[in-house]
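Remarks on the structure that follows.
One is the number of the first residue; the rest follow in order along the sequence. Excluded from the calculations below are hydrogen atoms, water molecules and symmetry mates; all remaining heavy atoms, backbone and side chain alike, are included.
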Amino acid sequence: MNTRRTVGVTAVVAAVAATTLAAVSLPAVFDASSDTVQANLQRADQSTNATEPDIDRPEIPALEDVVAAKEQSSSKTAMADRLQASIRQSAERESQAEARAQQANEGVRTANEALAERNETANAARQRADATTEAAGAARDESGTVAADLYRGGQPSAGEVLLGDEDVLARQATAEKVAADKARVAEESARRAAEAEELARQAETAQAAQAEATAAAEEQQRRLEAAAQAAAQAEQQNEADRKKLITLLAELEDLTVAEATSQVEAMEQSERDNALQEAIAASEQLAEEPAEDAPAPTTAPAAGTDPASTAPATTVPVIPAAPASTPTASATPSATATASPSPTKTATASPTPTKTPTPAPTRTATPAPAPSTPAAPKPTPTPAPTKTAAPKPTPAPTSGSWTSTATTWAVNKANEAGTYYTWGGNGPKGYDCSGFTRDAFDAAGKYLPRTSTDQYRAAKQYVPLSQLQPGDLVFWSSNGGSSMYHVAVYIGDGKIAHARNPSMGISVTALNYGGMYNIHPYAGRY
């Protein structure tokens, strides 16, 4: 019986040791709080909560006030300045609302990426925990069987062992073997039980993290729906206010409405051209500065950051010569992004993109149906924009290159009947901006992450806007590059293909079309 007691003690010690070892050494292979996921959730959460634009809707003068202002030159000039300022204010208000919606859409994409990872983690953790629990139960059953065998076999007495009886010695050897098996099985049983307990704990942690990510994604979805509705409303209000203001300007200047509209459009195009040139000049200057930090975004913007409130400083562009009655342009938002450090990745020189103004996309939007992804919202479709159509250019990268494949896909998709913009869209008909660029690269065999910010981070090289080549990705940021909220494929000749918003849809436009300020000074090359 001493042998049995000794073996029993050995088995208990082994089991305790196995339990301690398993609890200490089992890796947290299903870490539900990885740095990447936490950073994504933080980045999504710190996007602005604002939905309504901060910029006030402009006050529109009464017709009788405009007619009265025509009587004196100074009053007429002041009224012209007031009307043009109101036109800019209304357009800037719409641009701010659009930027906020795009930022909210980026928040949804980021939150959904984190949720997908945590869903996978939680499911895998639960499956492994269940499998290990089952294995631990089988090990306990085996341990009980061995113990029963040992008990039934009995133990020889000390006298029988001393007399050297062969049968007794054989029984002794068998008992020792059974005892050793029992110790081994007990140790394995304890190890599996400890592993099952640890994995069950990890599964609970993963499920809690999954619930947190689900709540975060739902909150981001709520923000997007509110921001998308505000953007659609601001666009409709801008169209209405713009028509009224141009009509008053025509009355003031004794022009037809068509002539006044052309005058305003020429002024706006000139301002956009000047703003783009400023952005290109700023990117060249940054490229010449000594590298300190890589420009890839690494931190989330401060809570409450507004995509449009951080617009660059205003400039006074030079307006082309106009009749004496043409009002003088005032300040307009510049496209120059907040200066970010020069990149550590070498910039490859390439021809400066030719800046060919394109007044509008070639296709009006198709009302967006329900998106293909569960997380995508269903904002109310906005009316088709009343913008002049223009022919879409053919990309001009090197024939046979992957960039040629990507840009050709982008242009063809923009021309394809039935395509449309939808928040969070993943195609093949409805896209958002980063879903569109991802599929353009996928068509060329190149992988891109899902969000605009991660696509910027994935670039192999960062080049200033003055060195754009077809296939580069151009980005828009409201915080100097900490995160991106819009991305487009550069196709050459100063033009981009992109999925911009529900009213513009998927189109080819000039790089600086339609109030697209906050352009980042660096493009991504892959």
Begin from the C-alpha positions of Asp472 and Gln467 and carry the test side chain to side chain contact (heavy atoms under 4.5 Å, CB included) through to its verdict.
CA-CA 10 Å; Asp472 292 342; Gln467 298 178 13; over 6 Å; no
Atom CD of Gln221 and atom CD of Glu218: how far apart are they, to the nearest 0.5 Å?
9.0 Å
Checking Asn479 side chain against Ser483 main chain: does a donor-acceptor pair fall under 3.5 Å?
yes
Please report the interatomic distance CZ(Phe436) to OH(Tyr431), rounded to the nearest 0.5 Å.
8.0 Å
Show the numbers, then the answer: is there a side chain to side chain contact (heavy atoms under 4.5 Å, CB included) between Glu94 and Ile55?
CA-CA 9 Å; Glu94 177 187 350; Ile55 300 174; over 6 Å; no
Does Asp130 come within less than 4.0 Å of Arg126, counting only side-chain N to carboxylate O?
yes
Should Gln277 and Asp273 count as side-chain neighbours, where that means a heavy-atom distance under 4.5 Å?
no
Tightest non-hydrogen contact, residues Pro470 and Thr407, listed as C-CG2, 4.2 Å
Euclidean distance, Asn518 CG relative to His520 NE2, rounded to 0.5 Å:
11.5 Å
Please report the C-alpha distance between Arg57 and Asp241 in whole Å, then the side-chain angles of each, then the deciding distance to 0.1 Å, and finally whether the side chain to side chain contact (heavy atoms under 4.5 Å, CB included) criterion is met.
CA-CA 9 Å; Arg57 192 173 179 180; Asp241 292 346; 2.8 Å; yes
Taking the side chain as everything from C-beta on, heavy atoms only, tell me whether Val508 gets closer than 4.5 Å to Ile496.
no
Taking the side chain as every heavy atom from C-beta outward, state whether Leu511 and Leu468 have any atom pair closer than 4.5 Å.
yes
Side-chain donor or acceptor of Gln455 paired with backbone N/O of Ser434 under 3.5 Å:
yes
On a heavy-atom basis, which atom in Ala410 and which in Ala497 lie closest, and how many Å separate them?
CB-CB, 3.8 Å
Ala129 and Ala203: which non-hydrogen atoms are nearest, and at how many Å?
CB-CB, 4.3 Å
Do Arg457 and Asp454 have side chains that approach each other closer than 4.5 Å (heavy atoms only, starting at C-beta)?
yes
Does the pair Glu268/Arg88 count as a salt bridge with the N-to-O cut at 4.0 Å?
no
Check for a donor-acceptor pair, side chain of Asp432 on one end and backbone N or O of Asn105 on the other, with a separation under 3.5 Å.
no
Without swapping roles, check the side chain of Ser507 against the backbone of Thr509 for a donor-acceptor pair under 3.5 Å.
no
Can you check whether Lys495's main-chain N or O pairs, donor with acceptor, with Asp493's side chain at less than 3.5 Å?
no
Heavy atoms of His486 and Ala499 approach each other most closely as CE1-O, 3.3 Å
Applying side-chain hydrogen bond (donor to acceptor under 3.5 Å, both in side chains) to Arg450 and Asn426, what does each step give before you reach the verdict?
CA-CA 9 Å; Arg450 179 59 181 91; Asn426 291 303; 2.8 Å; yes
How far apart are the closest heavy atoms of Ala122 and Gln210, and which atoms are they?
CB-OE1, 3.5 Å
Answer yes or no: is there a donor N or O on one side and an acceptor on the other, between the side chain of Asn123 and the main chain of Asn119, under 3.5 Å?
yes
Spacing of Met267 atom CE and Gln84 atom CD [to the nearest 0.5 Å]:
4.0 Å
Answer yes if the ring centres of Trp402 and Phe441 are under 6.0 angstrom apart, and no otherwise.
yes
Once you round to the nearest 0.5 Å, how far does CD of Gln96 lie from CZ of Arg100?
4.0 Å
Just verifying a value: how many Å separate Cys433 SG and Gln102 CD, rounded to the nearest 0.5 Å?
6.5 Å
pair Val474-His498: side-chain heavy atoms closer than 4.5 Å
no
Walk me through it: do Ser90 and Gln237 pass the test side-chain hydrogen bond (donor to acceptor under 3.5 Å, both in side chains)?
CA-CA 8 Å; Ser90 180; Gln237 291 173 346; over 6 Å; no
With no hydrogens and no angle check, is any side-chain donor or acceptor of Lys429 less than 3.5 Å from a backbone partner on Tyr421?
no
I would like to know whether Asp56 and Arg93 meet salt bridge (charged side-chain N to carboxylate O under 4.0 Å, His left out); could you show each step before the answer?
CA-CA 7 Å; Asp56 293 332; Arg93 184 173 184 272; over 6 Å; no
Quick check: does any side chain N or O of Thr256 sit under 3.5 Å from a backbone N or O of Glu259, one acting as donor and the other as acceptor?
yes
Please check if atom NZ in Lys244 has more than 12 non-hydrogen atoms from other residues, nucleotides or ligands closer than 6.0 Å.
no
Let me see the working for Thr453 and Thr451 under side-chain hydrogen bond (donor to acceptor under 3.5 Å, both in side chains), right down to the final yes or no.
CA-CA 5 Å; Thr453 300; Thr451 68; 5.1 Å; no
In terms of side-chain geometry, is the basic nitrogen of Glu416 or Lys413 positioned less than 4.0 Å from the acidic oxygen of its partner?
yes
Just so I know, are the side chains of Asn512 and Gln269 near enough to count as touching, which here means a heavy-atom distance under 4.5 Å?
yes
Non-hydrogen side-chain atoms of Ser452 and Arg109 separated by less than 4.5 Å
yes
Is any side-chain heavy atom of Leu448 closer than 4.5 Å to one of Asp442?
no
Main-chain N/O of Ile280 paired to Ser283 side chain as donor or acceptor, under 3.5 Å
yes
For the ring pair Tyr456 and Trp476, is the centre-to-centre distance below 6.0 Å?
no
So does Glu219 pair up with Arg223, basic N to acidic O under 4.0 Å?
yes
Keeping the roles fixed (side chain from Ser270, backbone from Ala266), state whether a donor-acceptor pair exists under 3.5 Å.
no
Applying side chain to side chain contact (heavy atoms under 4.5 Å, CB included), run through Asp439 and Trp409 and close with a yes or a no.
CA-CA 9 Å; Asp439 275 14; Trp409 182 96; 3.6 Å; yes
